[in-house]
J.: 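Have a look at this one.
Chain letters run A, B, ... following the sequence lines, proteins first, then strands; residues in each count from 1.
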There are 2 protein chains.
Amino acid sequence: MPTDRGQAAGRPTISEVAAEAGVGRATAARTLGNYGHVSPELRKRVLAAADKLGYRANALARSMSTGVSHTIGVIVADIGNPFFAGVVRGICDASRAGGFDTIVLSTYEDLDEEIAATNVLIDKRVDGMIIASAAVGGRDVGHIKEALNRGVPVVLVDRAVPSLDLDAVVIDNRDAAREAVERLIAAGHRRIGFVWGPPMDRPPATRRELLEAASRNLWTDGERLRGYLDALDDARIPFDPDLVMVGRKLEERVTEEVARMVALPDRITALFCTETDAVTGALRALRAAGLAYPRDVALIGFDDSAWAAVMDPPLTMIEQPVHDLGAKAAQVLLDGIRGGEPVRETHTLRSRLVERASVAPPPSPPA
Amino acid sequence: MPTDRGQAAGRPTISEVAAEAGVGRATAARTLGNYGHVSPELRKRVLAAADKLGYRANALARSMSTGVSHTIGVIVADIGNPFFAGVVRGICDASRAGGFDTIVLSTYEDLDEEIAATNVLIDKRVDGMIIASAAVGGRDVGHIKEALNRGVPVVLVDRAVPSLDLDAVVIDNRDAAREAVERLIAAGHRRIGFVWGPPMDRPPATRRELLEAASRNLWTDGERLRGYLDALDDARIPFDPDLVMVGRKLEERVTEEVARMVALPDRITALFCTETDAVTGALRALRAAGLAYPRDVALIGFDDSAWAAVMDPPLTMIEQPVHDLGAKAAQVLLDGIRGGEPVRETHTLRSRLVERASVAPPPSPPA
DNA sequence: CTGTTAGCGCGTTCAA
DNA sequence: TTGAACGCGCTAACAG
């Protein structure tokens, strides 16, 4: 008596279809798998039998013998974050169009979680993976290299890892940030707050210290900080550590920090926010301080949304090609899986500064 | 000479580990699979060998023989939508905590896509699925029944399907909507716009016609409409078809429709929006018409967010327990998979009306 | 406690 | 063109 191990109820196998149709397994397999040659006559009988039994191929078994799962894995920090949700949607769309399914894993910005996630994907024998990695280089890219060693193509999305020679689909964060801050400077601002910077135990004493912390943290954040500094340098505006928020990235902390910057003797007159949560946090602080934008404080932030457009006044924001970021990453990955030449280049998509009405000259123009 | 079929480079199998350790396959399998009894001595040798070879279990092969994939499938309308992104995050969190991975598929509200998605999941032999279904009952639930027939547990999330006796995790949309509209009525409003209603070719002539269209469409939307009508009925306010938007659910269309309602001889003084896009669309229309909220038009909408709280004035919104919706659904599903009694009940989570400042009495109080 | 053996369902040679 | 037989990597009986 055969056990039922591995065979749930109501799941006919190809053998059963073959029996029903009165043909050999192989013939059934050929018709159902759409390969080889089968006489129209038998073909019809097999199809009829399959239909009658409600046959559905077991993708697992198929993957076992072909070694291909038609599945790609995606690792992002937080699937609940609208930015990543948009990217993932782009990935799903493009991969589905290419006949692939998607497994999504969230890491919450934790490298150990990220490593565990790559292992899960390796175990599940995905054909490739797309990672928005929290790794910054050095020794924390071991898991990515391992995937590569095991023959699993990897493409990076949103976050590049400079030390890794890999396909990556990103925007030019540094340039986008610089453009935004330049816009602020052009309006006459010189005291420009930066929210948020890298996690640090204590405020940086020097610019060098800040940059070092940044280089040990998220690639995107570091780039955006550099863009901010670039713009300051170009305008010969001295860097003031008091004007950057460091530490844990929480909306409430933004509110506190902006309140601090706004209470400074030589207070900020403009604010550059590197993320949506930073924008909302900043807005809270401004209101609490009885300050209005753009009259008292000008504001530009990352990640445009429908909300930013309906604020009153509407917000000037940086728009990222969220969907395209994901779609492009999936396309590059699929090309790689299909054996295209592994070019290993960085694909830089264009972001856009959407100018609306949150930027105005500072209250009292500097002397 | 064995072919390399199905065996990519650098992927040692359990047999190789066994050979390396000088033990039988089964012993290696037992240690690596953490089952049965193995002497500490051999165990150590196996582990060492596995580590040396960089062994990683092939989850596919394991699933084949156990019939369990430790993977659940999720089908939602749009993973890029912040609401669903939050739900999916809840699902991922809870299922990961239970040792399961997640495959996510988007359907874009298309029933055929949804059917295709269930087939993909069946083929991949997921252990269960969570669906936010566009099905409303009748004949379009065939795919769900089929999954059930094949022994795949299904739990519904966000959207119940009344005709189906299934576990479902939802909020009480009808009650939430009624509460919101009652709040508007309590403030003195009688001309309350409803955005958005069901897709219809032309505006409904009667209330009956509208309800019929609603019952042929998304469950959540229908419930929210009923809640709106409930509140109107309780207050003996006559239903006016001119005050509901029907047709395609696009942000731009909301803007047009709200503009229309606001230009009516007996114009609306309040607005109830069933979705975030409806809120932003409405806000656009109000601004274009030179109307301010809550002074000229009061406003309540579904799906609270950080943005709604920082608007000026801040918006009164209905908050859904997004993450919990997903987490609970995953828990119920996992219980089912683990063979808990299939209770098949509807789990109703609590939503909350977050009162802020977008509701005020109508401009000129009704006589 | 250990090793041998038989499947899981499918793709794929190879002989007929 | 067709069907029998083998292998993918693993788990689980069974025998020792």
J.: A:Thr71 and A:Asp101: side-chain donor and acceptor closer than 3.5 Å?
T.: no
J.: Under 4.0 Å, heavy atom to any atom of DNA chain D: which of residues 19-30 of chain A qualify?
T.: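 A:Val23, A:Gly24, A:Ala26, A:Thr27, A:Arg30, in order of number.
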J.: Would you mind telling me which of C:dC8, C:dC10, D:dC10 lies closest to the side-chain atoms of B:Ile14?
T.: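 Within the option list, the nearest is D:dC10.
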J.: Does any pair with a residue in residues 42-56 of chain A pass side-chain hydrogen bond (donor to acceptor under 3.5 Å, both in side chains), and if so which ones, sequence neighbours excluded?
T.: A:Glu20-A:Lys52, A:Arg56-B:Asp123
J.: What is the separation between atom CG on B:Asp123 and atom C1' on C:dG9, rounded to the nearest whole Å?
T.: 13 Å
J.: Which residues pass the side-chain contact (heavy atoms from CB on, under 4.5 Å) test with B:Tyr108, sequence neighbours left out?
T.: A:Arg89, A:Asp93, B:Asp78, B:Ser106
J.: Can you tell me if B:Tyr35 touches the phosphate of D:dC10, counting only side-chain N or O atoms and a distance under 4.0 Å to OP1 or OP2?
T.: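 Checking D:dC10 against B:Tyr35, no side-chain N or O comes under 4.0 Å of OP1 or OP2.
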J.: Return the angle between end axes of the helix from C:dC1-D:dG16 to C:dA16-D:dT1, with five pairs used per end and rounding to 10°.
T.: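 Here the local axes at opposite ends form an angle of 40°.
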J.: The side chain of B:Leu42 is closest to which nucleotide in this list: C:dC8, D:dA12, C:dG3?
T.: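 Ranking C:dC8, D:dA12, C:dG3 by closest atom to the B:Leu42 side chain puts C:dG3 first.
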J.: Is it true that B:Glu109 and B:Arg159 have a side-chain N and a carboxylate O under 4.0 angstrom from each other?
T.: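 Between B:Arg159 and B:Glu109 there is a salt bridge, with a charged N closer than 4.0 Å to a carboxylate O.
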J.: D:dT2 P sits how many Å from A:Arg43 CZ, rounded?
T.: 11 Å
J.: For the backbone of A:Ser69 and the side chain of A:Asp127, can you confirm whether one donor and one acceptor N or O come within less than 3.5 Å of each other?
T.: yes
J.: Test of understanding: with side-chain hydrogen bond (donor to acceptor under 3.5 Å, both in side chains), list the residues that count as partners of B:Arg62, not counting sequence neighbours.
T.: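 Testing B:Arg62 for side-chain hydrogen bond (donor to acceptor under 3.5 Å, both in side chains), a comparison that skips the adjacent residues, returns none.
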J.: What integer distance in Å separates B:His37:NE2 from C:dG3:P?
T.: 16 Å
J.: Can you check the A:Asn58 CG to C:dC8 C1' distance for me, whole Å?
T.: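 To the nearest whole Å, that distance equals 9 Å.
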J.: Without decimals, in angstroms, what is the distance between A:Asn34 CG and C:dT12 P?
T.: 13 Å
J.: B:Ile131 and side-chain contact (heavy atoms from CB on, under 4.5 Å): which single residue from B:Leu105, B:Val161, B:Ile75 fits?
T.: B:Ile75
J.: Checking A:Thr27 now: which residues fulfil side-chain hydrogen bond (donor to acceptor under 3.5 Å, both in side chains) with it, not counting sequence neighbours?
T.: none
J.: So for atom NZ, which belongs to B:Lys328, do other residues, nucleotides or ligands contribute more than 12 heavy atoms lying within a distance under 6.0 Å?
T.: no
J.: Please report, rounded to the nearest Å, how far the C1' atom of D:dG9 is from the NZ atom of A:Lys124.
T.: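 A:Lys124 atom NZ is separated from D:dG9 atom C1' by 15 Å.
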J.: So what does A:Ala18 touch, heavy atoms closer than 4.0 Å: a base, only the sugar-phosphate, or nothing?
T.: nothing
J.: So does B:Ser39 get a side-chain nitrogen or oxygen closer than 4.0 Å to the phosphate oxygens (OP1/OP2) of C:dT2?
T.: yes
J.: What integer distance in Å separates B:Leu60:CG from D:dC8:P?
T.: 15 Å
J.: Nearest to the side chain of A:Met64 - C:dC10, D:dC8, D:dT11?
T.: D:dC8
J.: In whole angstrom, give the distance that lies between atom CZ of A:Arg56 and atom C1' of C:dG9.
T.: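 Rounded to whole Å, this separation is 15 Å.
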